[in-house]
Number of protein chains: 2
Amino acid sequence: MTRSPDVPPVAVEDLADAVRLLRERGLRLSTARRLVLETLLAADGPLSAEQVASDLRLDLTSVYRNLETLEQCGLVRHVHLGHGPGLYTLVGRGEHEYLVCDSCGAVRVLAPGELDAVREGVRRQFGYEVRFGHFPMVGKCPDCSDRAR
Amino acid sequence: MTRSPDVPPVAVEDLADAVRLLRERGLRLSTARRLVLETLLAADGPLSAEQVASDLRLDLTSVYRNLETLEQCGLVRHVHLGHGPGLYTLVGRGEHEYLVCDSCGAVRVLAPGELDAVREGVRRQFGYEVRFGHFPMVGKCPDCSDRAR
DNA sequence: GTACATGCAAACGTTTTGCAGCGAA
DNA sequence: TTCGCTGCAAAACGTTTGCATGTAC
């Protein structure tokens, strides 16, 4: 889904932070869940469920269920950079917005705030508060735009 | 894929237009292909391959292959409005840009040119020529933004 | 007659569901 | 001692591929 969970996003600093949040919802810290959280905390970019599972030798199903649970808690988000698997990050940790070129496939990772002017424009014009962290902006990069002429 | 075909998009007015284009590439107008084209010409919004196939009682595979071929020719595009199947339209016919709310799921269909200011902003800042017809802009609609306060 | 296109079957990659048993609280 | 969580198996979903047959040109 494009649908985000009905809870506000929460940026978590460390495992203890995350555990607190889980506890508030009556959720446990199983070994698998701890490992998934540690992996996401250590990651410097978004990871697929498959990557997480095989790194940790965990069952893929279990990883998907944990990512889903964490996403439901507002701790995790996923992005679709193309037609491959969804890529997961902790909120505020390796989470980015993206600009991808549909000609050459180049992915430009944007710095936090780099899209604020765009976001503000959209907000003024449409009232929507947009984010390009679930679906990237898609277009032609400068090189490919030139090449098209 | 996020990848678009290596040909410029072509807006087609009627079946004859489309056939001309196909001919130029040595492609044929089979019964199935004609039906797919007619369906897209008659549609007022984007359609999934499944919808096209079951409306026409055509094999799903064949519909996918035709949509792919037509997309390769620059006649067709598809959009991903969420996690469901891709939705296909003729270029310039039911093709739009989209703004979707990730809280309530509302899809706002944008008029042609409505995003030109945003597009221009992105072009100036990043040099990218963006389009929100493959992936929509995702965010919170005014109502859901308010509710979050 | 020559390909291109078709239908059917089977596979694909990603994600979800069902279920019996394990283990965190 | 609960009941949330696990692994495994199987299915669901959208999409693609292989192949023998059919058909537009």
Side-chain angles (χ1 to χ4, degrees), chain A residues 1-3 15-16 18-37 39 46-73 75-88 134-135, chain B residues 1-3 15-16 18-39 46-54 56-73 75-88 134-135:
Chain A
M1 274 238 257
T2 310
R3 227 53 163 280
L15 196 61
V19 174
R20 254 186 300 278
L21 243 143
L22 292 171
R23 289 280 130 85
E24 284 174 22
R25 313 182 155 247
L27 298 172
R28 296 175 184 175
L29 186 68
S30 64
T31 309
R33 185 165 295 161
R34 181 177 49 73
L35 288 169
V36 169
L37 277 166
T39 300
L47 299 172
S48 69
E50 174 64 42
Q51 286 174 315
V52 174
S54 66
D55 278 17
L56 299 175
R57 306 252 177 103
L58 286 176
D59 189 73
L60 224 203
T61 308
S62 189
V63 171
Y64 270 112
R65 278 195 274 232
N66 273 305
L67 292 171
E68 154 96 47
T69 298
L70 297 171
E71 196 156 16
Q72 222 90 286
C73 293
L75 292 176
V76 160
R77 280 182 166 153
H78 72 272
V79 59
H80 296 280
L81 286 186
H83 283 182
L87 303 177
Y88 296 80
H134 179 72
F135 287 144
Chain B
M1 275 239 255
T2 309
R3 225 55 161 275
L15 195 61
V19 174
R20 253 186 300 281
L21 242 143
L22 293 170
R23 289 282 132 82
E24 283 174 23
R25 309 181 160 248
L27 298 172
R28 297 174 185 179
L29 185 68
S30 65
T31 308
R33 186 165 295 160
R34 181 176 50 73
L35 288 169
V36 169
L37 277 166
E38 285 172 350
T39 299
L47 299 172
S48 69
E50 175 63 41
Q51 287 173 315
V52 174
S54 67
L56 298 176
R57 307 253 177 98
L58 285 177
D59 190 72
L60 225 201
T61 309
S62 188
V63 171
Y64 270 113
R65 277 196 276 232
N66 272 305
L67 291 171
E68 154 98 50
T69 298
L70 297 171
E71 197 156 17
Q72 221 91 290
C73 293
L75 292 177
V76 160
R77 279 182 166 153
H78 72 272
V79 58
H80 296 279
L81 286 185
H83 282 183
L87 304 177
Y88 296 78
H134 179 73
F135 287 146

Would you indicate, yes or no, if D:dT23 has its OP1 or OP2 atom less than 4.0 angstrom from a side-chain nitrogen or oxygen of B:Ser30?
no
Is the phosphate of D:dT16, meaning OP1 or OP2, less than 4.0 Å from a side-chain N or O of B:Arg65?
no
Whether A:Phe135 and A:His80 hold their rings parallel, tilted or perpendicular, with breakpoints at 30° and 60°:
tilted
What is the distance from CG of A:Leu22 to P of C:dA24, rounded to the nearest Å?
15 Å
For B:Leu27 and for B:Gly86, locate the closest nucleotide of DNA chain D by heavy-atom distance; then report the residue assigned to the nucleotide nearer the 5' terminus.
B:Gly86
So A:Thr31, base contact, sugar-phosphate only, or nothing? Heavy-atom distance under 4.0 Å.
sugar-phosphate
Nearest heavy-atom pair of A:Val63 and A:Ala49: which atoms, and what distance?
CG1-O, 3.7 Å
Gap between atoms CG and P, on A:Asp59 and C:dG21 respectively (whole Å)
17 Å
Pick the nucleotide of DNA chain D nearest each of B:Val19 and A:Asn66; which residue has the one closer to the 5' end?
A:Asn66
Options D:dT15, D:dC5, C:dT15, nucleotide nearest the side-chain atoms of A:Leu60:
C:dT15
Once hydrogens and angles are ignored, does a donor-acceptor distance under 3.5 Å link the base of D:dC5 to the side chain of A:Arg33?
no
Taken to the nearest whole Å, CD/A:Glu50 to C1'/C:dC12 is 14 Å
Helix axis bend for the helix from C:dG1-D:dC25 to C:dA25-D:dT1 - C1'-based end axes, five pairs, 10° rounding:
30°
Distance-only donor-acceptor test, A:Arg25 side-chain atoms vs D:dG4 base atoms, 3.5 Å:
no
Quick one: does any side-chain atom of B:His134 pair with a main-chain N or O of B:His78 as donor and acceptor, under 3.5 Å?
yes
Ranking D:dT15, C:dA25, C:dT15 by distance to the side chain of B:Tyr64, first place goes to D:dT15
Can you tell me how far the OG1 atom of A:Thr69 sits from the CZ atom of A:Arg28, to the nearest 0.5 Å?
13.0 Å
Nearest-Å distance for atom pair CD/C1', residues A:Gln72 and D:dG4
15 Å
First locate atom CG of B:Leu29, then atom CG of B:Leu22, and finally report the distance between them rounded to the nearest 0.5 Å.
7.0 Å
Rounded to whole angstrom units, what separation is found between the CG atom of B:Leu35 and the C1' atom of C:dG7?
15 Å
In whole angstrom, what separates B:Leu47's CG from D:dG14's C1'?
16 Å
Would you say the side chain of B:Glu50 lies within less than 4.5 Å of the side chain of B:Pro85, judging by non-hydrogen atoms?
no
Between D:dC5 atom P and A:Glu68 atom CD, what is the distance in whole Å?
12 Å
Testing B:Glu71, B:Arg34, B:Arg33 one by one against B:Asn66 for a side-chain hydrogen bond (donor to acceptor under 3.5 Å, both in side chains), which residue passes?
B:Arg33
Hey, could you give me the CG/CG distance between A:Leu87 and A:Leu67, rounded to the nearest 0.5 Å?
11.0 Å
Using a cut-off of 4.0 Å on non-hydrogen atoms, how would the nucleic acid contact of B:Thr61 be classed: base, sugar-phosphate, or nothing?
base
Expressed in angstrom and rounded to an integer, what is the separation of B:Leu58 atom CG from D:dG22 atom P?
17 Å
Please state whether the base of D:dC5 and the side chain of A:Arg28 form at least one donor-acceptor pair under 3.5 Å?
no
